[in-house]
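Below you'll find the structure, written out as structure tokens, and then a few comments.
Here, residue 1 is the first one in the sequence, and each next residue gets the next number.
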Amino acid sequence: MNIIARASIAIYDGNAPVFPEKASKPDDEAGAYLSALADKIANSDTSRTTCVEPGGAQEDMLRQFIIKPFKEAADALLMAMDETMQMLEIPRSGFDMVVFTFEQDGDPHLCVAQLPYRKAVVHQIDVGEDGMTTTRLMAHDAVMPLPGGKGAAGFVVNLSTGDIRLKDVQVLTNVGSRLLFSEALFAMAATRSTKEAVKVVADAIAQAAPVEMTAQELTPAVKRAMSKSIEEKGVIDVQNVAEEVFRSDPEREALIEQVSRQIAEEQIEPVIPVENKRVMAQLQKVKIKTDTGISITLPRTLADDENSFAVVDNQDGTISIIINRVQELKTE
């Protein structure tokens with residue numbers, strides 16, 4: 001299903017950008033590409049939730065997509081971004097800048113993305129006037145990045161709420177290196193991605209943990225507590241995570257307070273939304289590595305089941321790993 005309403009693409013492959021004279025609904029293949037692109041930007045593990053300054057010129061520019069025809073709003077946005085790129089001397093070649101709208105969960109959304117070109121060799125089939133077929137390889141210098149790849153950067157904004165999911169990239173400007181969308185083209189609030197926020201929480205708990213609690217104990221306990229919080233609440237509740245990790249420690253109240261102070265100092269919200277499916281998947285797995293080169297990845301439910309998985313201390317000081325109830329074993 002093609003959910004893209006309208007799209008406008010500025011092409012930066014020469015000395016001057018080419019802006020579209022009209023905007024239209026993309027065909028199904030292009031619509032599928034743009035839909036996948038918006039999904040990647042919103043759900044990448046490097047994406048973060050942010051916003052523009054309320055009541056500012058940039059918020060008004062985004063709001064134009066609700067109150068004005070798409071072409072008028074898209075033209076104004078593309079021209080404003082282009083003027084900023086010229087002012088900051090950002091190289092204006094080697095990419096497309098695409099602006100498109102769609103509806104999701106009943107709300108209108110806008111996606112703005114930069115698509116850097118990559119080089120590729122493709123085949124072409126030619127049929128001559130004599131009916132003879134020839135095949136050849138051709139080099140292309142302006143191939144779009146895969147929608148699920150890491151090349152594209154941009155943001156998706158819910159036009160009803162103003163919430164933005166941003167996947168940014170560094171560019172060189174005349175005032176130094178800047179983040180393309182959040183610092184150069186727009187002024188967006190400084191926030192962290194879900195992945196970064198999760199790491200800050202894990203580090204804060206590690207700093208608060210008593211010295212006798214080893215990393216081998218602490219790391220899976222933190223992941224287990226985060227996964228449990230997501231399952232029960234749909235978010236990572238930092239206090240609940242700390243309570244779960246330190247539930248048997250006699251100094252648990254002091255440890256939880258230390259974690260809360262550290263989180264506040266790092267300007268991390270005490271409740272972290274988890275839009276990122278990849279982060280959720282990582283928290284639901286347990287990875288084990290041994291000094292003998294063995295690496296095992298287990299679903300958390302299996303690792304927590306004592307009847308299915310166990311780590312045993314041997315009398316000679318070594319450790320054995322036992323995996324029970326296996327019905328089939330494959331070697332790849």
Side-chain angles (χ1 to χ4, degrees), residues 2-13 17-20 23-52 58-59 61-62 64-65 70-71 73-85 88 90-104 107-118 142-159 162-171 173 178-188 191 193 275-276 278:
N2 187 355
I3 66 170
I4 307 303
R6 291 287 185 273
S8 191
I9 303 170
I11 298 175
Y12 287 82
D13 64 355
V18 178
F19 293 98
S24 61
K25 183 177 178 66
D27 62 27
D28 289 347
E29 289 186 354
Y33 177 87
L34 295 177
S35 295
L37 175 66
D39 184 67
K40 176 64 176 180
I41 289 173
N43 296 305
S44 170
D45 58 353
T46 57
S47 298
R48 58 188 177 92
T49 299
T50 183
C51 63
V52 294
Q58 294 171 336
E59 183 187 52
M61 186 176 296
L62 297 177
Q64 299 304 308
F65 285 89
F70 173 82
K71 178 66 168 60
D75 283 352
L77 180 61
L78 286 170
M79 291 303 297
M81 289 192 295
D82 187 63
E83 289 173 1
T84 302
M85 283 188 279
L88 294 176
I90 297 172
R92 297 160 68 219
S93 63
F95 63 90
D96 283 356
M97 191 69 77
V98 58
V99 176
F100 59 94
T101 55
F102 59 96
E103 186 172 296
Q104 184 175 337
D107 289 334
H109 285 67
L110 169 72
C111 181
V112 179
Q114 184 208 42
L115 306 176
Y117 301 151
R118 61 184 177 88
V143 177
M144 297 293 102
L146 297 174
K150 297 181 179 180
F155 63 89
V156 177
V157 53
N158 184 324
L159 294 172
D163 292 336
I164 295 174
R165 286 290 291 173
L166 170 70
K167 181 178 180 288
D168 223 334
V169 64
Q170 290 276 356
V171 294
T173 75
R178 293 290 185 272
L179 289 168
L180 177 61
F181 289 102
S182 60
E183 294 179 341
L185 302 184
F186 292 85
M188 296 181 180
T191 57
S193 68
E275 301 97 340
N276 192 314
R278 185 172 176 180

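- A heavy-atom distance below 4.5 Å is not found between the side chains of Asp168 and Met188.
- Considering all non-hydrogen atoms of both residues, Cys51 and Gly162 come closest at CB-O, 4.2 Å.
- The line from CD1 of Ile41 to SG of Cys111 is 4.0 Å long, rounded to the nearest 0.5 Å.
- Scanning all heavy atoms of the two residues, the minimum distance from Met61 to Ala80 falls at CE-CB, 3.6 Å.
- Of the possible donor and acceptor atoms, none in the side chain of Gln114 sits under 3.5 Å from a partner among the backbone N and O of Phe95.
- Between Asp82 and Phe19 there is a side-chain heavy-atom pair separated by less than 4.5 Å.
- The shortest non-hydrogen separation linking Thr84 to Ala184 is CG2-O, 3.3 Å.
- None of Val156, Thr49, Thr46, Thr50 except one satisfies the side chain to side chain contact (heavy atoms under 4.5 Å, CB included) rule with Leu166; the exception is Thr50.
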Evaluation steps, side chain to side chain contact (heavy atoms under 4.5 Å, CB included), between Gln170 and Leu179: CA-CA 4 Å; Gln170 290 276 356; Leu179 289 168; 3.7 Å; yes

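- Considering CG of Leu78 and CE of Met97, their distance stands at 8.0 Å, rounded to 0.5 Å.
- For the residue pair Pro116 and Pro145, the shortest heavy atom distance occurs at O-CD, 3.3 Å.
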Test side chain to side chain contact (heavy atoms under 4.5 Å, CB included) applied to Met81 and Val112, step by step: CA-CA 11 Å; Met81 289 192 295; Val112 179; 3.9 Å; yes

Could you give me the CA-CA distance, side-chain angles and deciding distance for Leu88 and Val171, then say whether side chain to side chain contact (heavy atoms under 4.5 Å, CB included) is met? CA-CA 10 Å; Leu88 294 176; Val171 294; over 6 Å; no

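- Using a 4.5 Å cut-off on side-chain heavy atoms (C-beta onward), Phe186 and Ile164 make no contact.
- Counting only heavy atoms from C-beta outward, the side chains of Ser47 and Arg165 approach each other to under 4.5 Å.
- Using a distance-only test at 3.5 Å, with no hydrogens or angles considered, a donor-acceptor pair links the side chain of Asp27 to the main chain of Glu29.
- Residues Ser35 and Ile4 share a closest heavy-atom pair of OG-CD1, 3.6 Å.
- In this structure, CD in Gln104 is found 7.5 Å from CG in Asp39, a value given to the nearest 0.5 Å.
- The shortest heavy-atom contact between Arg92 and Pro17 is NH2-CD, 3.1 Å.
- Within the 4.5 Å cutoff, the side chain of Tyr33 has no heavy atoms near those of the Val98 side chain.
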Could you go through Ile90 and Leu180, starting from their C-alpha distance and side-chain angles, then the distance that decides it, and tell me whether this counts as side chain to side chain contact (heavy atoms under 4.5 Å, CB included)? CA-CA 9 Å; Ile90 297 172; Leu180 177 61; 4.2 Å; yes

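- Separating the CG atom in Leu159 from the CZ atom in Phe65 is a distance of 8.0 Å, to the nearest 0.5 Å.
- Residue Phe102 is tested with Ile3, Leu34, Asp107 for a side chain to side chain contact (heavy atoms under 4.5 Å, CB included); the sole match is Ile3.
- Classification of the Phe155-Phe181 ring pair by plane angle, with boundaries at 30° and 60°, yields perpendicular.
- When only modelled atom types and interatomic distance are considered, Arg6 and Ser24 share no side-chain donor-acceptor pair under 3.5 Å.
- Side-chain atoms of Lys167 come within 3.5 Å of backbone atoms of Ala152 as a donor-acceptor pair (strictly under, hydrogens ignored).
- To the nearest 0.5 Å, atom CD of residue Gln58 and atom CG of residue Leu77 are 10.0 Å apart.
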